[in-house]
Amino acid sequence: YSEAISTTFDLSYQRFINFFYILYIVIILFYPIVKNYVSSHHLITLCVFCLAGLLYNYLTIGYMLIVEDRVAYVSTINLLSNIDIIDYCLSFSLSPLSFIFSSLVIIIGLATNIYTLNYFKNEADEGGFIFWLNSFVISMLILVLANNFFTLFLGWELIGFTSFFLINFWQNRRGTLKSSFKAFSFNLFSDIFLLGSLVIFYQLSNTSDITAFLITIQIPGMYDSTLINLAICLLLGCASIKSVQILGHLWLPDSMEAPVPASALIHSATLVSAGIYLLMRFNVLLVFYNWMSFIALLGSITAAYGGVVAAAQTDMKKLLAYSTMSHCGFLLVLVSFNNIYILSLYLFLHGLYKASTFFCAGSFIRIHESQDTRVMGGAHNLFLIDSILLIICASNLCGLPFMFGALYKTYFLKCLMIQTNNFLVIGFLIIGLSSSIVYYYRLVYYAIFDIAKWTHYHIYNKLETSKFKFKLFSIFPLFTKTNK
């Protein structure tokens with residue numbers, strides 16, 4: 001059963017949110033049973049309806065959540081209540097932090113569903129992909145709305161499980177299973193680290209409620225500092241693997257075997273930001289035990305390494321993967337600043353522009369039948385809209401003047417100068433920021449403006465013999481038509 005604990009806001013908002021969540025979950029759970037009677041287009045339509053309904057209700061209460069800094073509601077679903085070993089219940093809360101992350105998941109999930117409608121138009125198992133795509137969205141929402149250790153760990157496990165099937169979707173491709181298993185193995189280590197830290201937290205506090213734990217942890221001398229620091233180490237290891245920090249990033253390039261819509265969803269601002277969310281959820285713990293300096297150093301090294309490696313890539317999706325790694329390093333540094341508003345601005349703008357960049361990349365990869373930027377070029381003559389959108393997204397991601405990207409980079413640098421005097425951290429971040437201009441320039445130039453490679457006649461032949469317009473793979477697939 002579901003029980004509303006807080007009545008701070010009008011209960012109609014809570015009822016509508018619960019209705020769309022339940023409807024969304026029911027649709028996904030029952031799709032494998034009725035997939036022979038329901039087409040993939042009907043499934044996408046229902047998923048888009050649920051996500052749009054959630055987004056509308058989120059926007060309705062967004063101002064009150066962010067500005068007034070209040071929790072909208074807490075809903076609890078009791079499971080196995082007769083077991084006294086641990087509190088087995090699913091507990092969800094909509095706080096400012098969970099509102100920001102869940103809103104981003106819903107927006108990108110909504111855009112990815114629409115994009116998938118035409119991108120997978122001729123795929124045999126389109127319905128299966130949509131099933132796993134929306135299962136991942138539900139798993140992310142469970143994670144970011146979790147209000148106790150049991151729900152948090154459940155969501156964490158589910159995002160690793162569903163991402164395995166998304167990466168391994170094209171099973172007939174060479175190396176796909178190896179790549180998906182590698183990503184799953186690394187995520188399994190992060191699951192073990194998270195479980196270890198949560199067990200320590202529960203044994204010390206004797207409560208599974210995250211809010212109650214974070215309140216009691218601030219009492220000096222309440223808990224054994226050695227055990228708490230051990231749990232923080234496990235928590236950092238867990239977050240570093242999931243958010244592709246240095247040494248925990250080895251699974252990310254291989255996971256680019258996933259289809260473009262899956263990469264746009266899980267590798268832009270959802271799966272890779274799960275570790276960032278985890279650290280922000282326990283930021284009180286990190287501040288109280290003085291771990292912020294180490295987190296800033298780790299994030300700055302990751303930002304520099306990811307940026308330098310991305311600048312040397314010729315594979316389009318791997319370039320975007322390492323650029324994501326670099327931006328995750330910037331996000332980790334923002335975690336050390338303990339400023340949820342700057343972090344939210346950076347996370348939102350980066351997530352939306354990176355997902356859009358993946359959507360545009362899907363157009364180039366489809367027509368060239370390759371991810372190698374060295375065989376691309378002259379794309380402005382093929383699909384002008386996608387080329388313009390790629391230029392806009394790349395300009396924002398590298399923070400060029402007069403772009404929204406320059407706004408969050410400016411705030412980032414201001415916070416950096418105010419909150420740290422570690423020249424090592426500043427140096428690594430300057431390297432990361434400078435390299436972002438290099439690799440986005442290379443991406444745009446080789447994919448769009450390298451006219452010398454336009455002499456490849458097979459592109460012309462492909463244009464003449466194709467039965468589909470190039471707008472089929474546009475970023476706006478719902479508003480395009482195809483000639484069959």
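The figures that follow rest on heavy atoms only: side chains count, while hydrogens, waters and symmetry mates do not.
Within 6.0 Å of atom CZ in F348, more than 12 heavy atoms from other residues, nucleotides or ligands are found, so the atom counts as buried in its surroundings.
Rounded to the nearest 0.5 angstrom, L252 CG and L271 CG are separated by 9.0 Å. Note that CZ of F186 is 7.0 Å distant from CD1 of I241, once rounded to the nearest 0.5 Å. Taken from CG in L319 to CD in Q371, the straight-line distance is 11.5 Å, to the nearest 0.5 Å. Here the straight-line distance linking atom CD1 of I342 with atom NZ of K414 works out to 9.5 Å at 0.5 Å rounding. Atom-to-atom distance recorded for I266:CD1 and S255:OG is 6.0 Å, nearest 0.5 angstrom. With rounding to the nearest 0.5 Å, the separation of NZ in K354 from CG in N396 is 12.5 Å.
Under the 4.5 Å side-chain criterion, counting only non-hydrogen atoms from C-beta, L236 is in contact with F294. You'll find the side chain of Y115 reaches within 4.5 Å of the side chain of P261, heavy atoms only. With a 4.5 Å cut-off on side-chain heavy atoms, F136 and I159 count as touching. Between L332 and T302, every side-chain heavy-atom pair lies at or beyond the 4.5 Å cut-off. Counting only heavy atoms from C-beta outward, the side chains of L433 and L413 approach each other to under 4.5 Å. Side-chain contact check for F149 versus F213: some heavy-atom pair is nearer than 4.5 Å. Using a 4.5 Å heavy-atom threshold, the side chains of L198 and L235 count as separate. Between F402 and S395 the shortest side-chain heavy-atom distance does not fall below 4.5 Å.
Within the 6.0 Å centre-distance limit, the rings of Y305 and H249 are counted as a close aromatic pair.
Taking every heavy atom of both residues into account, C328 and V272 meet most closely at SG-O, 3.8 Å. Across all their heavy atoms, K409 and S436 have their closest contact at NZ-OG, 4.2 Å. Residues A406 and P401 come closest through the heavy atom pair CB-CA, 4.2 Å. Across all their heavy atoms, A310 and Y322 have their closest contact at CB-CB, 3.6 Å. Of all non-hydrogen atoms in L166 and L133, the two that sit nearest each other are CD2-N, 3.7 Å. Smallest separation of non-hydrogen atoms from Q245 and G299: OE1-CA, 3.9 Å.
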- Task: Please assess I418 against F337 for the test side chain to side chain contact (heavy atoms under 4.5 Å, CB included), listing each intermediate value before the final yes or no.
- Result: CA-CA 10 Å; I418 293 172; F337 296 162; over 6 Å; no
- Between L204 and I217, is a side chain to side chain contact (heavy atoms under 4.5 Å, CB included) present by the stated rule, with each step listed? CA-CA 10 Å; L204 290 174; I217 201 68; 5.9 Å; no
- Please step through side chain to side chain contact (heavy atoms under 4.5 Å, CB included) for the pair L234 and I200, ending with a clear verdict. CA-CA 10 Å; L234 294 173; I200 293 175; 4.3 Å; yes
- Message: Could you go through D191 and L188, starting from their C-alpha distance and side-chain angles, then the distance that decides it, and tell me whether this counts as side chain to side chain contact (heavy atoms under 4.5 Å, CB included)?
- Response: CA-CA 5 Å; D191 297 341; L188 190 61; 4.2 Å; yes
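Panel note: side chain T151, backbone N147; no donor-acceptor pair is recorded below 3.5 Å. In terms of modelled atom types and a separation under 3.5 Å, the side chain of K317 and the main chain of M256 share a donor-acceptor contact. A side-chain donor-acceptor contact under 3.5 Å links S273 to the backbone of T270. A donor-acceptor pair is defined here as one N or O able to donate and one able to accept, closer than 3.5 Å; such a pair exists between the side chain of T373 and the backbone of T314. The closest donor-acceptor contact from the side chain of S180 to the backbone of F164 lies at 3.5 Å or more, if one exists at all. W156 contributes no side-chain N or O that, together with a main-chain N or O of L195, makes up a donor-acceptor pair within less than 3.5 Å. Of the possible donor and acceptor atoms, one in the side chain of S326 sits under 3.5 Å from a partner among the backbone N and O of A303. Counting only distance, with no hydrogens or angles, the side chain of N187 and the backbone of A183 share a donor-acceptor pair below 3.5 Å. Between the side chain of S102 and the backbone N or O of F99 there is at least one donor-acceptor pair closer than 3.5 Å.
For the side-chain contact (heavy atoms from CB on, under 4.5 Å) with S139, the lone residue among L158, N134, L154, V105 that qualifies is L158. Exactly one residue among L424, I295, I431, V425 makes a side-chain contact (heavy atoms from CB on, under 4.5 Å) with S300. That residue is V425.
Classification of the F169-F129 ring pair by plane angle, with boundaries at 30° and 60°, yields perpendicular. Classified by interplanar angle (parallel below 30°, tilted 30° to 60°, perpendicular above 60°), the ring pair Y346/H327 is tilted.
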Pair up each side-chain donor or acceptor in residues 275-291 with any protein partner under 3.5 Å, not counting sequence neighbours, and list the distances.
residue : atom : partner : partner atom : Å
Y277    : OH   : V144    : O            : 2.8
N283    : ND2  : N338    : OD1          : 2.6
W291    : NE1  : N229    : OD1          : 3.0

